Every structure is written in structure tokens, then in C-alpha cells.
Protein chains: 2
Amino acid sequence: MKKTVTGCSVEEAMHLLGGRWRLLIVSYLVDEPKRFNELRRLMPGISQRMLTLDLRALEQAGLIRRTVYPTVPVKVEYSLTGDGRRLEKVVAVVKEFGLWLKDRDKQVLAGREVSPALTV
Amino acid sequence: MKKTVTGCSVEEAMHLLGGRWRLLIVSYLVDEPKRFNELRRLMPGISQRMLTLDLRALEQAGLIRRTVYPTVPVKVEYSLTGDGRRLEKVVAVVKEFGLWLKDRDKQVLAGREVSPALTV
DNA sequence: CAGAATCCCGGAGGATACTG
DNA sequence: CAGTATCCTCCGGGATTCTG
């Protein structure tokens, strides 16, 4: 995303998390570390390229950690750092909003609006 | 942003809020309604075009309300709807994270790392 | 398995001019 | 003041191929 201009904290945060995938990636790392292909399976829409790029960006921001186990074949695990744990709250709140949103739109799609009185 | 695939709530939420400006716009509407050019002044980086598009998108999502006062010249106010109020928590948490982030990066830029013991 | 390298495209976002 | 209307740029993101 393009550089921020005002230095507003919301702007800065969205600059780092505003993409399509980053917060989603973080959300999958909250519970336990995940491997590269594990993340790919969890996000069928993402390409390896973007997954790699976003993981690198989050790593460079110090929010996630990349651990390589020198086995054969190699095993790479991604996990939240201490700093990254600061995103747990963000993930939780966004998820809560997303849940409400999905539910609300389901109602709309079903043709049942909020006001039952009108549908009598 | 492109359509979501998994229906994950985080993904849905980011689909609606993931752009560069939308959550920032909402953050400015939390306290009190704002006029069009007022928002422009608050966000020097945004173009009229994007401001209009994002306002329309948020309006269509039922999160903000557009009120036109038929004065001369016209006065248009944007405010959060009841549904939009559900974003207050999101804004607060994201802002808190952004603040922490900015502060952390300021430390890094100043060359003072977290561990004083090492710098003795 | 976990990527790197390459090529490619659509759309998010920008610049400018104009208007009721 | 609060927008439309155009045109344009750039980069987020995708598809495919290759490798240690």
C-alpha cells in the first residue's frame, strides 16, 4: 500500500494491515504456529507469491517469526511474536464485526428485513 | 477489493474495510458528523474521487448516512448509522495498535533498542 | 515442502477539469 | 460546496514454471 501522509495512527495501522490477506494470515496464527502449505490450504484464494510477500512483510514488521527446521524436506513454521500478539485484539474485534456483517447480510438476502411489522 | 472465497468472517470484514481509506473515514465520523470538504481536509492524501467512492460504498453497506441540507450552497453531512456504530470498537482497537506501532518504530529509528543491558 | 523467478492483468487509486 | 466526468498510472495480486 502507498505511503501514509498524515501520520495518523489509524492510517499507519491500515498501511500495514490494510491488504487483503495480512490480517487474515495473522488470524490463523493466533492459535498455533502454521506451516507454509498449511496456510495455503486455509486460504484457497491466495497465491504462493502473495503469501510469501505478506509473510515477509509481517516478519519484517516484527509481528511474526519464521522458524526453519533443517529436516529433509525442510519444515518452516510461522508464529506470532510477542509484538504480534498485540494483534490478537484487532483480530478478535474484526472477526466479531465480520460475523455480525455476514449474519446481517444473510438476513437481507433472505428477504427478511429487520422490521417484522411491515411484513405482516 | 476482490470477492472473498472462503466466507471467513475476517476475510469478509477486510473485504469491506480493507482499503486504504475506509476505516480512516469511519474513524473521523465517530465523534461527530462531518462534511465532505471537512473530510478532505482531514485526509490530505485522498482524492475527491476516492472519497466519493468510499463514502458511497460505506453508505451502501448501511454503515454511514448521507444527509443533505437544501441550503445554498448545499451542505452535506456524513454520520455513522446504528450499524456503523459497530465499527467504533474496531476503530478504537486499530487506533491503539497504530499508536503502539508508531511509538515502537520511533524508538527503532532513534537507535535505542529495547534492551538497555546490551547498550552498556 | 517451501519457496524464487518471471510474466501478466485488472482495478484501486490519482490528476485534472468541469458543474448545479 | 459537493460532487461528476475522463483519463491515466501503478501496483496488488494471479498463473505458471523452476529449484534446493
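Every heavy atom of this structure was used, including side-chain atoms; hydrogens, water molecules and symmetry mates were not. These figures come from a predicted structure and were not determined experimentally. Just so it is clear: chains get the letters A, B, ... in the order the sequence lines come, proteins before strands, and each one is counted from 1.
Between the C1' atom of C/dG13 and the CE atom of A/Met1 lies a distance of 11 Å, rounded to the nearest Å. When the P atom of D/dG12 is taken as reference, atom CD1 of A/Ile25 falls 14 Å away, rounded to whole Å. Atoms CZ (A/Arg20) and C1' (D/dC11) sit 15 Å apart, rounded to a whole Å. In this structure, the NZ atom of B/Lys75 is 9 Å from the P atom of D/dA2, given to the nearest Å. Rounded to whole Å, atom C1' of D/dG13 lies 14 Å from atom CZ of A/Arg40. The NZ-P distance, from A/Lys34 to C/dC1, rounds to 17 Å in whole Å. If you measure from atom CG of A/Asp54 to atom C1' of D/dG13, you get 10 Å, rounded to the nearest angstrom. Here the C1' atom of nucleotide C/dA2 and the CD1 atom of A/Ile64 are 14 Å apart, to the nearest Å.
Mapping A/Gly45 and B/Pro73 onto DNA chain D by nearest heavy atom places B/Pro73 at the nucleotide closer to the 5' end. In this structure, B/Arg41 and A/Met50 both approach DNA chain D, and ranking their closest nucleotides by distance from the 5' end singles out B/Arg41.
For B/Gln48, the listed nucleotide lying nearest its side chain is D/dT4; candidates were C/dG3, D/dT4, D/dA2. Of the listed nucleotides (C/dG14, C/dA2, D/dA2), D/dA2 has the atom at the smallest distance from the side chain of B/Val76.
Under 4.0 angstrom from either OP1 or OP2 of D/dA2 there lies at least one side-chain N or O belonging to B/Arg35. Between B/Tyr78 and the phosphate of D/dG3, there is a side-chain N or O to OP1/OP2 separation shorter than 4.0 Å. The side chain of B/Arg66 places an N or O atom within less than 4.0 Å of a non-bridging phosphate oxygen (OP1 or OP2) of D/dG3. Note on B/Arg49: every side-chain N or O is 4.0 Å or more away from OP1 and OP2 of D/dT6. Considering only side-chain N and O atoms, B/Arg56 lies under 4.0 angstrom from the phosphate OP1 or OP2 of D/dG3.
Within 4.0 Å (heavy atoms only), A/Gly18 reaches no atom of the nucleic acid at all. Heavy atoms of A/Arg22 sit nowhere under 4.0 angstrom from any nucleic acid atom.
At most 12 non-hydrogen atoms from other residues, nucleotides or ligands lie less than 6.0 angstrom from CD of A/Glu96. No more than 12 heavy atoms of other residues, nucleotides or ligands shown are found within 6.0 angstrom of NZ on A/Lys89.
A donor-acceptor pair shorter than 3.5 Å can be found between the side chains of B/Thr4 and B/Glu12. For the residue pair A/Ser79 / A/Arg65, a side-chain donor-acceptor distance below 3.5 Å is found, with atom types taken as modelled. Side-chain contact of A/Thr67 with A/Glu77: a donor-acceptor pair under 3.5 Å is absent, judged by distance alone.
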